[in-house]
2 protein chains.
Amino acid sequence: MAVTIKDVAKAANVAPSTVSRVIADSPRISENTKRKVRTIMEELGYHPNFIARSLASQSTQTLGIVFPNSGNISFQNPFFSEVLRGISEGVNDKHYTLQLTSGKTEDEIYNDVVNMVQGRRVDGIILLYSKKDDKVVDYLRQKKFPFVLIGKPYEDQEQITHVDNDNISAGRDGTKYLLGLGHERIGFIGGNKNLMVTADRLAGYKKALIENQIPIKEEYITHDEFLLEGGQQAIKELMHLSQPPTALLVTDELMALGVLKTVHALGYNVPDNLSIISFNNALFAELATPPLTSIDINIFDLGMEAVKNLILKLENPKEPIKRIIIPHSIIVRKSCERGSHNY
Amino acid sequence: MAVTIKDVAKAANVAPSTVSRVIADSPRISENTKRKVRTIMEELGYHPNFIARSLASQSTQTLGIVFPNSGNISFQNPFFSEVLRGISEGVNDKHYTLQLTSGKTEDEIYNDVVNMVQGRRVDGIILLYSKKDDKVVDYLRQKKFPFVLIGKPYEDQEQITHVDNDNISAGRDGTKYLLGLGHERIGFIGGNKNLMVTADRLAGYKKALIENQIPIKEEYITHDEFLLEGGQQAIKELMHLSQPPTALLVTDELMALGVLKTVHALGYNVPDNLSIISFNNALFAELATPPLTSIDINIFDLGMEAVKNLILKLENPKEPIKRIIIPHSIIVRKSCERGSHNY
DNA sequence: TTGTAAGCGTTATCAA
DNA sequence: TTGATAACGCTTACAA
């Protein structure tokens with residue numbers, strides 16, 4: 001049906017292998033035949049069949065992207081659109097293609113990955129998250145399949161190429177910023193505990209407190225995994241302590257919006273009697289009321305660097321393991337005020 | 001290197017074709033050999049090579065997803081995460097796989113599509129947008145390649161299977177809601193004019209006004225394509241009219257957040273002296289301050305139905321052209337108040 | 001019920 | 001500089 005390399009060969013009076021070489025722009029073909037063949041390809045409307053090419057060359061020019069539970073509401077987190085944007089830009093430049101996992105549960109995702117790898121559908125994989133005890137990581141390592149991870153590996157960091165922020169510093173910087181404003185009662189509201197990013201930001205938070213001789217109070221530390229409804233309860237408890245925090249460090253923008261809503265309902269005014277600083281600096285940090293002071297982690301670059309380094313690895317298997325740290329910075333907006341207020 | 005169908009065949013003492021049939025669970029193979037072969041597959045850790053299978057069977061079990069300019073900030077619009085979530089769920093159930101376009105410009109996207117189609121990388125395509133004069137649509141139709149469109153086709157609607165909301169009604173309903181609250185000076189803030197969705201919602205807005213004998217004022221109609229900075233200027237002009245609107249219909253949630261921010265800066269209080277209703281009911285409609293009254297268009301279902309119907313078409317080429325309308329509904333929150341206020 | 005063998009559309013190895 | 005031809009790993013007539 002579709003015109004193949006053979007049709008072109010026949011029409012151009014050359015062998016299929018010659019046509020193949022013209023496609024690859026091999027230097028071993030005379031300019032003359034190249035021209036001739038190209039003309040015919042044009043005339044016949046020839047377009048190479050990628051599947052056939054993949055089979056023959058044992059490479060798909062496709063990267064697999066692994067999402068954490070796409071069925072989950074957390075998929076709505078703009079973090080993913082933004083990394084994907086970075087990744088898109090990266091692959092587009094390099095003429096690679098993207099394939100996604102679609103699993104909802106941990107097992108489905110694992111299967112998606114196995115299918116990608118064993119089915120030889122992709123040349124390499126990018127993991128968009130890093131968590132404790134991830135079967136996917138174990139599998140990939142055991143298969144020695146090329147992948148890069150966005151985030152900090154749970155273990156064996158020196159053996160896994162990854163692109164990450166220095167989230168410990170980021171957590172520390174955010175906390176120090178609040179301390180600098182005079183706050184001493186600072187609450188921490190984190191996402192899923194099993195995610196490395198949450199753990200690191202929490203570690204940074206603690207570090208900053210310790211450095212400033214402020215005792216760490218466990219009751220100031222909350223994990224708001226249930227974004228909307230569930231989260232509210234936790235915040236309420238936090239703000240109903242006899243000594244409630246005067247400032248909050250929230251590890252994720254989407255959560256920060258939820259927190260904002262809850263504390264408003266509780267009668268707080270941000271930033272007048274409660275300061276909030278969040279992470280990621282997604283588009284709507286700027287659009288929130290009040291606009292959120294946020295730690296920009298350059299999500300786009302996270303994605304961009306991930307592809308770059310994965311492709312580097314694919315093109316040169318000897319490429320060393322790397323750790324790429326994307327810088328972060330505080331974007332000051334209107335959600336933080338000087339402490340310490342009494343109320 | 002990897003274990004192939006031949007290895008399994010040899011080890012099981014059968015022909016490769018038999019193994020192939022076992023994989024396909026063909027009824028023409030005895031339970032006995034099936035069992036035997038399956039055991040061997042297990043032992044050898046056999047996994048079919050999808051690329052080879054695709055080449056032989058001329059089908060990839062992969063769907064191509066076409067985004068509008070992923071390089072653009074509008075990609076950050078939660079609409080896309082949410083359709084993607086619906087699509088993911090759909091393909092996962094049916095064991096299809098997803099491949100994305102990564103182009104930034106119209107031409108790059110067009111090329112992405114051509115590569116998917118001519119390169120035989122995908123069996124069908126889902127377009128996540130619908131706009132005026134889209135080369136991609138023309139190409140797909142001319143190639144008679146299976147695709148479904150999310151939104152309303154610019155032309156020949158009876159000839160293109162599409163999944164859409166009744167956006168004219170939706171626009172009308174939103175406007176009627178505001179009229180019902182007593183507003184008569186209602187502004188329309190739409191996105192890109194070339195998008196069918198914008199056009200339809202605008203049409204609905206006009207319809208509602210006409211039905212209520214309210215004259216349409218062109219100066220009340222704005223198109224805020226530049227989301228953040230650019231948009232502000234348009235809103236300012238709108239609100240600085242001698243008779244500014246008392247209510248706003250904003251065709252997109254992300255834009256609504258921007259509008260909210262701008263009118264706040266202008267000294268308005270939503271909803272006390274300005275009402276806002278928006279569309280899409282994305283996660284943060286609920287999280288905005290104030291929570292936005294929004295027209296829920298069931299984005300998830302839009303994606304889900306799109307896959308369903310595309311796969312139907314792939315499995316049965318005679319499947320008729322269809323138009324699927326996903327219902328919408330108004331979710332009342334806190335961004336609208338009774339009109340008409342004077343100020 | 002199973003086997004043989006010819007594709008599927010490329011790439012890549014050897015010769016020429 | 002080019003051409004034959006054998007892979008690549010599977011599916012699918014057609015035979016047996």
Side-chain angles (χ1 to χ4, degrees), chain A residues 1-38 40-41 44-62 95 97 115-123, chain B residues 1-38 40-41 44-62 95 97 115-123:
Chain A
M1 33 199 84
V3 19
T4 75
I5 212 171
K6 286 182 189 168
D7 302 325
V8 177
K10 205 164 294 173
N13 252 313
V14 297
S17 48
T18 302
V19 179
S20 175
R21 290 187 186 109
V22 173
I23 296 170
D25 201 15
S26 158
R28 310 185 343 195
I29 297 287
S30 74
E31 278 308 317
N32 235 318
T33 30
K34 276 190 188 172
R35 229 188 331 272
K36 183 176 65 183
V37 171
R38 287 196 180 117
I40 302 279
M41 296 199 316
L44 267 48
Y46 169 77
H47 195 104
N49 180 319
F50 239 93
I51 300 294
R53 170 182 288 201
S54 296
L55 182 59
S57 64
Q58 302 285 58
S59 113
T60 59
Q61 296 281 107
T62 299
H95 301 293
T97 268
N115 282 327
M116 280 180 172
V117 174
Q118 311 263 45
R120 300 238 141 19
R121 292 158 167 276
V122 300
D123 294 345
Chain B
M1 34 197 82
V3 17
T4 75
I5 213 172
K6 285 183 190 167
D7 301 325
V8 178
K10 204 165 293 173
N13 252 312
V14 297
S17 51
T18 304
V19 178
S20 175
R21 293 189 183 106
V22 173
I23 295 171
D25 201 15
S26 157
R28 312 185 342 195
I29 298 286
S30 75
E31 279 307 319
N32 235 320
T33 29
K34 276 190 187 171
R35 231 189 329 272
K36 185 174 66 181
V37 171
R38 287 195 180 119
I40 303 279
M41 295 199 317
L44 266 48
Y46 170 76
H47 196 103
N49 180 318
F50 240 95
I51 299 294
R53 169 182 289 202
S54 297
L55 183 58
S57 64
Q58 301 283 60
S59 112
T60 58
Q61 297 281 108
T62 299
H95 301 293
T97 269
N115 281 327
M116 281 181 170
V117 173
Q118 312 261 47
R120 300 239 141 17
R121 292 158 167 276
V122 301
D123 293 345

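Within every chain, numbering begins at 1; the chains are lettered A, B, ... in the order of the sequence lines, protein sequences first and strands thereafter.
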Expressed in angstrom and rounded to an integer, what is the separation of [X] atom [atom1] from [N] atom [atom2]?
X: B:I23; N: D:dG9; atom1: CD1; atom2: C1'; answer: 10 Å
X: A:R21; N: C:dA12; atom1: CZ; atom2: P; answer: 10 Å
X: A:E31; N: D:dT1; atom1: CD; atom2: P; answer: 10 Å
X: B:K36; N: C:dT2; atom1: NZ; atom2: C1'; answer: 10 Å
X: A:L55; N: D:dA7; atom1: CG; atom2: C1'; answer: 9 Å
X: B:R121; N: C:dG9; atom1: CZ; atom2: C1'; answer: 14 Å
X: B:K6; N: C:dG3; atom1: NZ; atom2: C1'; answer: 15 Å
X: A:D123; N: D:dC8; atom1: CG; atom2: P; answer: 18 Å

Looking at every non-hydrogen atom in both residues, tell me the closest pair between [X] and [Y] and how far apart they are.
X: A:V14; Y: A:V19; result: CG2-CG2, 3.8 Å
X: A:I5; Y: A:P16; result: CD1-O, 3.9 Å
X: A:S54; Y: B:I51; result: CB-CG2, 3.7 Å
X: A:N49; Y: B:G119; result: OD1-O, 3.8 Å
X: B:T62; Y: B:R121; result: CB-O, 3.7 Å
X: B:R120; Y: A:A2; result: NH2-CB, 4.0 Å

(message) Counting only heavy atoms from other residues, nucleotides and ligands, does the tally under 6.0 Å from NZ of B:K10 exceed 12?
(response)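 It does not: B:K10 NZ has 12 such atoms or fewer within range.
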(message) By the 4.0 Å heavy-atom rule, please label B:V19 as base, sugar-phosphate, or nothing.
(response)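 Nothing, no nucleic acid heavy atom in range.
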(message) At 4.0 Å (heavy atoms only), tell me whether B:N32 reaches a base, stays on the sugar-phosphate, or touches nothing.
(response)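 Answer is nothing: B:N32 stays at 4.0 Å or more from every strand.
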Respond yes when some side-chain nitrogen or oxygen of [X] is under 4.0 Å from OP1 or OP2 of [N], and no when none is.
X: B:T33; N: C:dT2; answer: yes
X: B:S20; N: D:dC10; answer: no
X: B:Q58; N: C:dG9; answer: yes
X: A:S54; N: D:dC8; answer: no

Classify the side chain of [X] versus the base of [N] as yes if they form a donor-acceptor pair under 3.5 Å and no if they do not.
X: A:S17; N: D:dA4; value: yes
X: B:R53; N: D:dT12; value: no
X: A:R28; N: D:dT2; value: yes

Closest to the [X] side chain: [options]?
X: A:T18; options: D:dA13, D:dC10, D:dG3; result: D:dG3
X: B:T4; options: D:dG3, C:dG9, D:dG9; result: D:dG9
X: B:N49; options: C:dT1, D:dC10, D:dG3; result: D:dC10

(message) Can you tell me how far apart OG1 (B:T18) and NZ (B:K34) are? Round to the nearest 0.5 Å.
(response)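 Output value for this atom pair is 12.0 Å.
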(request) Could you check A:P16 against B:I29 and say which one's nearest nucleotide on DNA chain C is further toward the 5' end? (result)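 This one resolves to B:I29.
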(request) Take the C1' atoms of the five end pairs on each side of the helix from C:dT1-D:dA16 to C:dA16-D:dT1, get both axes, and report the angle to 10 degrees. (result)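 If I round to tens, the end axes sit 40° apart.
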